[in-house]
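The next block holds one structure in the form of structure tokens; read it before the comments.
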Protein chains: 2
Amino acid sequence: MLAEIITIGDELLIGQVVDTNSAFIAKELNKIGVSVYQITSIQDDKEHILQAFKEAESRVDIILITGGLGPTKDDITKKTIAEYFNDTLVRNPDVLKNIETLWKRYVRQTLLQVNKDQAFVPSKAKVLMNTLGTAPGMWLEKNDKTFIALPGVPFEMRNLITTEVVPKLKDKYDAPFILHRTLLIYGLGESTLADRIQDWEDNLPKHIKLAYLPSIGKMRLRLSSKGFNAKQIIDDVQKQIDAVLPLVVNEFVGFEEDEKSLEAFIGEKLTEQEQTLAVVESCTGGKLAGRFTANSGASAYFKGGMVSYATQTKIDVLGVSKSIIDKYSVVSAQVAEAMAQQARQLFKTDYAVATTGNAGPTKGDADAEVGTVFVAIASKSGVFSEKFIFPQPRERVVNKAISMALEMLQKEILKN
Amino acid sequence: MLAEIITIGDELLIGQVVDTNSAFIAKELNKIGVSVYQITSIQDDKEHILQAFKEAESRVDIILITGGLGPTKDDITKKTIAEYFNDTLVRNPDVLKNIETLWKRYVRQTLLQVNKDQAFVPSKAKVLMNTLGTAPGMWLEKNDKTFIALPGVPFEMRNLITTEVVPKLKDKYDAPFILHRTLLIYGLGESTLADRIQDWEDNLPKHIKLAYLPSIGKMRLRLSSKGFNAKQIIDDVQKQIDAVLPLVVNEFVGFEEDEKSLEAFIGEKLTEQEQTLAVVESCTGGKLAGRFTANSGASAYFKGGMVSYATQTKIDVLGVSKSIIDKYSVVSAQVAEAMAQQARQLFKTDYAVATTGNAGPTKGDADAEVGTVFVAIASKSGVFSEKFIFPQPRERVVNKAISMALEMLQKEILKN
């Protein structure tokens, strides 16, 4: 069962927008046994869209289209689909009702003609109701080929994939089972790894495909297989994993597919142990708190945080003593530790994490080298900190600091 | 002058990796007058790669290929290029030297045969030396068509685009000038904006293309044009911008190409006026503070923030009176306003912004409907708040709340 994803929009071709939709769709299709054969991004241009449809139809069974369904003149996907199917656009009363409901609830202005026009769909299309937006999804069939058109707005597209497209494809097609298992390996280069596992790789059964995915400091080694006997596939892949693991025993840290974000992992542990957390941030500026609060169960353990950005705020609001700051400077282990301890007291929590540093690009109040960050953790067993120096740009320093803070906190929680 | 980007790698087709390379390449090519006609992502499969080359060659002048140049068995792009050009691979001594240098500096282990093999390139290829990695870039020509193959590792690819590909393309082709100008517009929906500027849009000259790019809380309106007379293009587009700006005078905040975000705009205004800001967040959980602190000049006006996530934190740390919370509930205009006023006092700032709400997916401590958010602004002229109801998912509620908070703050600052 093969699919092609066609993403439509000039913004993709001029590099104004990164196409994140395709990866999401590909992942969801893989889960139900549909392989993506090609991803094609094209402009809002009628002839080009028609040509892309024709080529895709010759290659695959399912053509998944996103983008170009908006109410404005540059959006031409719907008209072009109607033309491709020798069809006309007719007003769909259910879609109109959905638009009116959304409008009343969220916009509270007069419904314009262009919005009403979004209720027009090709007469041959089954509507996939978009409860989060005014552009309806569409499902059309032609000579055993299925065309599915979805809005390009990511959260609308995602919702339609999950609630409409995936269930309908599962109903329609008897797809094989696809399995990917990705080993996360730290501290080995691509060629060194390949060299070490060469014999194993040469003896892999034909139906298991191997891929090396290098990134900074990490290798991902992916085994993929598909077939109609899911149990057999799982067993075969597991057998190969059992054979390769002893070869990377010191470098293997886990499977990507099992990976839970570190903050979610910490949140679960704290909730289990009925313990609480506060954060106080200088250089990470609120983003560490943002990581925890992004998870909906956070209120069980996350009591709050402070962004003590200005030095005066560290003194006045957080209550770090001015003499410590004067003596050691605001970017120092001593200040980081004082921040963590103050936060733990102020928010009355079991744990508190503090960050202070200079994210760059230029030196700030403190003398510390650009990229210097101190992370401190306070708990009932006391307080400790670590110093890091991260390379520019600013965004990278902040993200690295957040990663290290989460890692330190995780270790501390597992210890207690 | 047309280009196609072909990105090769199974990881793209199974959704394990988002293709960020294409957007970068497209942007850089646009700057030198090369339009990207199509972006095609395909698997590490010989027949498919050959087919994609052939189709691309029939459509465009420049074929830019990334991925599949690594040292391991799953990487087959180089061999396939040699086959497409009826060519053989020969060892390039300069590439070998580069590999040896990199190895000595960063790896300090024995150079393996697979690494040495990376020095093999098609005999017809001009090498684009990759000083950041072992896979060389390649430049081949065939019947006036140019094929350029680059490694898929983003920072290696980017460096080669900037230092090798762009200068060589500029030398070879006499490309037109391409201009994009994108107006950032806050507080207007796509259809309302289209309705308001309809007459202007209908009278746009043929050579100027218009696009609407909606995202949460923001509209981007892009004018694009290209031609060989750069001055004429710039003047023509500017004339249209001058004509449309009066229609969006209250909602226009700047041009995307000047890359200023609303928070950067606010930061500049506050810095100019020597005024200061604090934020206190419940449902936005630190992310609003994160927006301001992402900009390196933030310390001039941003004194700090608090994430008063738990109700008890609002009382104990922020100092909101328990009786107000009991009387009106924690998600209410009264509590939002009290939060803003307390923050303004605590952090001693000119402005303070507060958010409180229920981001969902389930009801929390308060009775408020999922998606309800109150944003309050305190300043020397007092305090006020607005109520919003945003649709799920959680992430969208948080992002919408941040957008509205920024918008309200911007308006308030412009008023004073």
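The chains referred to below are lettered A, B, ... by the order of the sequence lines, with proteins before strands, and numbering in each begins at 1.
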Heavy-atom distances under 4.5 Å only: say whether B:Pro391 touches chain A with side chain, backbone, both or neither.
both
Relative to chain A, which of B:Gly305, B:Gly152, B:Ala26 shows the most heavy atom pairs under 4.5 Å?
B:Gly305
Would you call the rings of B:Tyr37 and A:His48 parallel, tilted or perpendicular, taking 30° and 60° as the class edges?
parallel
For A:Val280, is it the side chain, the backbone, both, or neither that has a heavy atom closer than 4.5 Å to a heavy atom of chain B?
neither
Would you mind checking which part of B:Ala298 comes under 4.5 Å of any heavy atom in chain A, side chain (CB onward), backbone (N, CA, C, O), both or neither?
both
Pick one of side chain, backbone, both or neither for A:Thr131, based on which atoms fall under 4.5 Å of a heavy atom in chain B.
neither
What I want to check is whether the side chains of A:Ser41 and A:Thr7 have a donor and an acceptor closer together than 3.5 Å.
yes
Selection from A:Arg222, A:Gln43, A:Gln51 maximising heavy-atom pairs under 4.5 Å formed with chain B:
A:Arg222
Looking at A:Gly360, is its backbone amide N or carbonyl O close enough to the side chain of A:Arg394 to form a donor-acceptor pair, meaning the two atoms are under 3.5 Å apart?
yes
Counting heavy-atom pairs closer than 4.5 Å to chain A, which one of B:Ala289, B:Ser191, B:Pro71 comes out on top?
B:Ser191
Rounded to the nearest 0.5 Å, the NZ atom of B:Lys314 sits from the OH atom of B:Tyr309 at a distance of 9.0 Å
Chain B heavy atoms under 4.5 Å from A:Val18: which part of the residue, side chain, backbone, both or neither?
both
With chain A, which of B:Ser296, B:Gly371, B:Gly70 has the greatest number of heavy-atom pairs at distances under 4.5 Å?
B:Ser296
Using a 3.5 Å distance criterion without hydrogens, assess whether the side chain of A:Glu4 forms a donor-acceptor pair with backbone atoms of A:Thr40.
no
Heavy-atom cut-off 4.5 Å, strictly under: side chain, backbone, both or neither for A:Gln16 against chain B?
both
Under 4.5 Å from a heavy atom of chain B, the part of A:Lys209 involved:
side chain
Side chain, backbone, both or neither: which part of A:Asp45 has a heavy atom under 4.5 Å from chain B?
neither
In terms of heavy-atom pairs under 4.5 Å, which option from B:Thr192, B:Val398, B:Val153 contacts chain A the most?
B:Thr192
Considering only heavy atoms, which portion of A:Asp117 lies under 4.5 Å from any heavy atom of chain B: side chain, backbone, both, or neither?
neither
For A:Leu213, which atoms come within 4.5 Å of any heavy atom of chain B: side chain, backbone, both, or neither?
side chain
At a heavy-atom distance under 4.5 Å, which candidate from A:Leu29, A:Thr20, A:Thr284, A:Leu132 has the highest pair count against chain B?
A:Leu132
Working note: B:Gln392 + A:Asn159, criterion side chain to side chain contact (heavy atoms under 4.5 Å, CB included); need CA distance, chi angles, decisive distance, verdict.
CA-CA 10 Å; B:Gln392 285 293 295; A:Asn159 181 55; over 6 Å; no
Between A:Glu395 and chain B, which part of the residue has a heavy atom less than 4.5 Å away: side chain, backbone, both or neither?
neither
With a 4.5 Å cut-off on heavy-atom pairs, point out which of B:Val36, B:Thr313, B:Leu13 contacts chain A the most.
B:Leu13
Find the distance between CZ (A:Arg158) and CD1 (A:Ile161) and round it off to the nearest 0.5 Å.
11.0 Å
Let's test your reading of the structure: which of A:Ala294, A:Ala194, A:Gly189 forms the most heavy-atom pairs below 4.5 Å with chain B?
A:Ala294
Between A:Glu190 and B:Thr72, a side-chain donor and acceptor under 3.5 Å:
yes
Are side-chain heavy atoms of B:Thr276 and B:Phe302 found at a separation under 4.5 Å?
no
Among A:Met306, A:Lys303, A:Gln312, who wins on heavy-atom pairs under 4.5 Å with chain B?
A:Lys303
Do the side chains of B:Asp19 and B:Ile39 get nearer than 4.5 Å, heavy atoms only?
yes
Indicate yes or no: does B:Glu55 engage A:Arg59 in a salt bridge with an N to O separation below 4.0 Å.
yes
Hey, can you tell me if A:Tyr301 and A:Phe292 have their rings parallel, tilted or perpendicular (30° and 60° cut-offs)?
perpendicular
Between B:Val279 and chain A, which part of the residue has a heavy atom less than 4.5 Å away: side chain, backbone, both or neither?
neither
Checking heavy atoms, do the side chain of A:Ser22, its backbone, both or neither come under 4.5 Å from chain B?
neither
State the CZ-CG distance between B:Phe390 and B:Asn399, to the nearest 0.5 angstrom.
10.5 Å
Tell me, for A:Asp10 versus chain B, whether the close heavy atoms (under 4.5 Å) come from the side chain, the backbone, both or neither.
both
By a 4.5 Å heavy-atom criterion (distance strictly below it), what part of A:Phe24 contacts chain B: side chain, backbone, both, or neither?
neither
So what's closer than 4.5 Å to chain B heavy atoms on A:Leu112: side chain, backbone, both or neither?
side chain
Here the gap from A:Gln38 atom CD to A:Leu2 atom CG, rounded to the nearest 0.5 Å, amounts to 11.0 Å
A:Glu256 and A:His180: side-chain donor and acceptor closer than 3.5 Å?
no
Pairwise side-chain contact, B:Asn358 with B:Cys283, heavy-atom cut-off 4.5 Å (strictly under):
no
Where on A:Arg291 is there a heavy atom nearer than 4.5 Å to chain B: the side chain, the backbone, both, or neither?
neither
Below 4.5 Å, heavy-atom pairs only: which of A:Ala52, A:Ala278, A:Ser224, A:Gly304 has the largest tally toward chain B?
A:Gly304
Heaviest contributor of heavy-atom pairs below 4.5 Å to chain A, chosen from B:Ile5, B:Ile14, B:Leu346, is B:Ile14
